[in-house]
Amino acid sequence: MPSNDVRTLLQAAVPTAVAGAVAAAISGGVAGGKGALGAAVATIVVILFMGIGLMVLQRTARSLPHLFQAMGLMLYTAQLLLLFIFVAAFKNTTLFNPKAFAITLVATTLVWIGAQARAHMKAKILYVEPESHQGDKPKNTGSQT
């Protein structure tokens, strides 16, 4: 994984983990241990889903750049659907507080998206590959006038 990808991953995962820790503390204060556990599980789910998605998207950008935009839209749609499925699946659980889980899931997802957008805006990544110059000779483009 190139250093830009790792940097983007860290710049999105760290604020998400911090938001999850804050959510766990608040949920623990409001709903007790089950609230804190629900917030912690939601934070882990978001970091895993979004982190895997980011890695898949970066790999697609390198190997199939013409599919990058479509893949990004499909990936984010699939991630949101999977997160909704998680909320629905754990709606009536007694393992942890489902309200704390759902609220933390939404909050940490929004933090991840915001942090990832900020990381991409701050990154200085070339969007045009500069041509390599071989000596001082200009390349033959085939059209000489």
Side-chain angles (χ1 to χ4, degrees), residues 1-135 138-142:
M1 182 175 243
S3 64
N4 286 337
D5 298 346
V6 173
R7 190 175 305 119
T8 301
L9 182 64
L10 285 176
Q11 288 176 348
V14 170
T16 304
V18 169
V22 169
I26 292 171
S27 297
V30 172
K34 287 191 175 194
L37 181 61
V41 169
T43 303
I44 291 168
V45 166
V46 167
I47 290 173
L48 284 176
F49 273 28
M50 296 299 197
I52 290 169
L54 179 63
M55 288 189 293
V56 167
L57 198 56
Q58 295 298 339
R59 175 175 251 160
T60 301
R62 275 190 300 281
S63 61
L64 303 166
H66 59 285
L67 293 178
F68 179 70
Q69 185 177 13
M71 183 68 168
L73 291 171
M74 191 273 313
L75 180 69
Y76 286 125
T77 303
Q79 285 175 331
L80 289 175
L81 286 173
L82 284 172
L83 291 175
F84 284 131
I85 289 170
F86 261 82
V87 170
F90 291 110
K91 186 167 81 171
N92 297 321
T93 187
T94 58
L95 181 62
F96 50 77
N97 187 316
K99 264 190 179 173
F101 175 76
I103 292 169
T104 304
L105 198 68
V106 170
T108 52
T109 299
L110 292 174
V111 168
W112 178 282
I113 291 170
Q116 185 177 354
R118 183 179 185 277
H120 280 293
M121 287 187 327
K122 293 271 186 191
K124 294 182 179 13
I125 301 171
L126 297 174
Y127 58 91
V128 175
E129 294 284 335
E131 292 184 26
S132 63
H133 294 284
Q134 298 174 2
K139 285 184 157 182
N140 185 4
T141 60

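Position 1 is the first residue of the sequence; numbering continues from there.
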Side chain to side chain contact (heavy atoms under 4.5 Å, CB included) evaluation trace for M50 with L54: CA-CA 6 Å; M50 296 299 197; L54 179 63; over 6 Å; no
Contact check, side chains of L9 and Q11, non-hydrogen atoms, under 4.5 Å: no
Closest contact, heavy atoms only, W112 versus V46: CB-CG1, 4.5 Å
Output side-chain donor-acceptor pairs under 3.5 Å for residues 67-91, partner residues at least two apart or in another chain, one line each.
unit_1, atom_1, unit_2, atom_2, d
Y76, OH, Q116, OE1, 3.4
Y76, OH, Q116, NE2, 3.0
T77, OG1, L73, O, 2.8
Q79, NE2, F49, O, 3.0

Atom pair OG1 (T60) and NE2 (H66), whose distance is rounded to the nearest 0.5 Å: 10.0 Å
Considering all heavy atoms, the nearest A115-A12 contact: CB-CA, 3.8 Å
Closest non-hydrogen atom pair between G20 and T43, with its separation: CA-OG1, 3.1 Å
Shortest non-hydrogen contact between I47 and A13, atoms and distance: CD1-O, 4.2 Å
Residues 101-111 side chain polar contacts: donor-acceptor under 3.5 Å, at least two apart:
unit_1, atom_1, unit_2, atom_2, d
T104, OG1, A100, O, 2.7
T108, OG1, T104, O, 2.6
T108, OG1, L105, O, 3.4
T109, OG1, L105, O, 2.6

Within residues 14-40 or reaching into it, pairs that qualify as ring pair (Phe, Tyr, Trp, His ring centres under 6.0 Å) - sequence neighbours excluded: none
Identify every side-chain donor-acceptor pair in residues 25-37 under 3.5 Å, counting partners at least two apart or on other chains, and give the distances.
unit_1, atom_1, unit_2, atom_2, d
S27, OG, A23, O, 2.8
K34, NZ, T94, O, 2.7

